[in-house]
Amino acid sequence: MKFLATTLLLSQVALAAPEVIISPVEHLYVPDGFDSNDAVELVVTGTFPNPCYSRNKVQVKVVDDVIDIKVLALAPDDRTKGSRFCPQMMVPFKEVISVGNLQGGDYKINVNQNTRYALADKMIVKEATSSAVDENIYAAIEWVESKGNDQFVLHGWRYSPCMELETVKVVSNKNDTLSVLPVMKQVSGFCPMKGIPVSYPVKFDFSGLKMKQPLLHVRTMDGKSVNTIIDLEGRR
């Protein structure tokens, strides 16, 4: 009977589900430059107390001019905290939040409202000047490489030799984010599907930002983005 009770206890511990908690977010990045034909994306960052925590899901609700966001995480269940080793180390995390298309106007943003990890900000979405899905075609950027001294390289693809980079627009929100728009142009009427790797060297000016860990929000294909946190103090 003692053996059976021990077996049942071990089974309960093994099957214990992680606890869903409010994610310990610390900062909300709000990129500037979105139009009503863009897929709006926001970024939050935070720190988990050890590697046994993980991201779970994000709930987004838009009512009139209020964007209400709940960021959830998974924490070790109380019954399993002593059953495995969780190193006491801080684990930073980043969550890219897809809000979707919004009508032009001013919006209030609430993240984890009425909790100890509440964040709030505002954003402006401009009314689009055309009915196109997006007013620009962007390079398919996959990652950003830092070369030092504010020099970076945007790495990715162009899907056809009929497209070339026209310009790299940079929009600052004057606080903590540079929105980077690698705009492509069509240079030929014949557009065969042929993936070509590309690397675009760029230099960014962070002097107009207040935060020392700014976000590079690079707009890319399919309404997505590449989001990279830059530690300006650590790069010195």
Let me know which of V202, V226, L154, V144 forms a side chain to side chain contact (heavy atoms under 4.5 Å, CB included) with L216.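 Only one of V202, V226, L154, V144 forms a side chain to side chain contact (heavy atoms under 4.5 Å, CB included) with L216, namely V144.
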**Asked** Which is it for R55 and E95 under the salt bridge (charged side-chain N to carboxylate O under 4.0 Å, His left out) test, yes or no, and what are the steps along the way?
**Response** CA-CA 8 Å; R55 294 180 300 160; E95 193 80 57; 3.5 Å; yes
Practice prompt. Might you work through the side chain to side chain contact (heavy atoms under 4.5 Å, CB included) test for V63 and D68, ending with a clear yes or no?
Written response: CA-CA 8 Å; V63 178; D68 189 44; over 6 Å; no
If you measure from [atom1] on [X] to [atom2] on [Y], what distance do you get to the nearest 0.5 Å?
| X | Y | atom1 | atom2 | result |
| --- | --- | --- | --- | --- |
| Q186 | I137 | CD | CD1 | 7.0 Å |
| T228 | W143 | OG1 | CH2 | 10.0 Å |
| D64 | Q103 | CG | CD | 10.0 Å |
| Y107 | D121 | OH | CG | 15.5 Å |
| N227 | T177 | CG | OG1 | 8.5 Å |
| S36 | E127 | OG | CD | 4.0 Å |

Determine yes or no for a side-chain-to-main-chain donor-acceptor pair under 3.5 angstrom, with [X] supplying the side chain and [Y] the backbone.
| X | Y | answer |
| --- | --- | --- |
| N173 | N175 | yes |
| D35 | N37 | no |
| N101 | D38 | yes |
| N149 | Q151 | no |
| S188 | F190 | yes |

Given H27 and T45, is the side-chain hydrogen bond (donor to acceptor under 3.5 Å, both in side chains) satisfied, shown in steps? CA-CA 5 Å; H27 190 79; T45 56; 5.9 Å; no
Taking all non-hydrogen atoms of both residues into account, name the closest pair between [X] and [Y] and its distance.
| X | Y | value |
| --- | --- | --- |
| S172 | L209 | OG-CD2, 3.3 Å |
| I141 | T220 | N-OG1, 3.0 Å |
| A75 | Y53 | CB-CE2, 3.2 Å |
| M163 | V187 | N-CG2, 4.5 Å |
| V30 | D176 | N-OD1, 4.4 Å |
| A118 | Q113 | CB-CA, 4.3 Å |

Intermediate values then yes/no, side chain to side chain contact (heavy atoms under 4.5 Å, CB included), R219 and F34 | CA-CA 10 Å; R219 203 82 56 83; F34 286 115; 3.7 Å; yes
Report yes if the side chains of [X] and [Y] come closer than 4.5 Å at any heavy-atom pair, otherwise no.
| X | Y | answer |
| --- | --- | --- |
| L42 | M123 | yes |
| V25 | N112 | yes |
| P214 | L232 | yes |
| V71 | V111 | yes |
| P182 | V218 | yes |
| I22 | L72 | yes |
| I69 | I109 | yes |
| V180 | F152 | no |

Audit row: L102, I67, side chain to side chain contact (heavy atoms under 4.5 Å, CB included) steps and yes/no: CA-CA 10 Å; L102 297 174; I67 304 171; 3.8 Å; yes
*asked:* Walk me through whether E145 and H155 qualify under side chain to side chain contact (heavy atoms under 4.5 Å, CB included).
replied: CA-CA 7 Å; E145 178 186 9; H155 294 281; 2.8 Å; yes
Derivation and outcome, side-chain hydrogen bond (donor to acceptor under 3.5 Å, both in side chains), residues H217 and E41: CA-CA 9 Å; H217 173 82; E41 289 185 321; 4.7 Å; no
Is it the case that one hydrophobic cluster holds both [X] and [Y], taking links as side-chain heavy atoms less than 4.5 Å apart, direct or via other members?
| X | Y | answer |
| --- | --- | --- |
| V153 | L181 | no |
| F206 | V171 | no |
| I196 | V183 | no |
| I124 | V99 | no |
| Y117 | V20 | yes |

For E142, does the CD atom sit with more than 12 other heavy atoms under 6.0 Å from it, leaving out its own atoms?
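Enclosed.
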> What do you reckon, is NZ of K94 surrounded by more than 12 foreign heavy atoms closer than 6.0 Å?
Replying inline: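 It does: K94 NZ has more than 12 such atoms within range.
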Shared-cluster residues of M211, by chain and number - hydrophobic side chains joined below 4.5 Å:
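Same cluster as M211: Y29, V43, V96, L215, I229.
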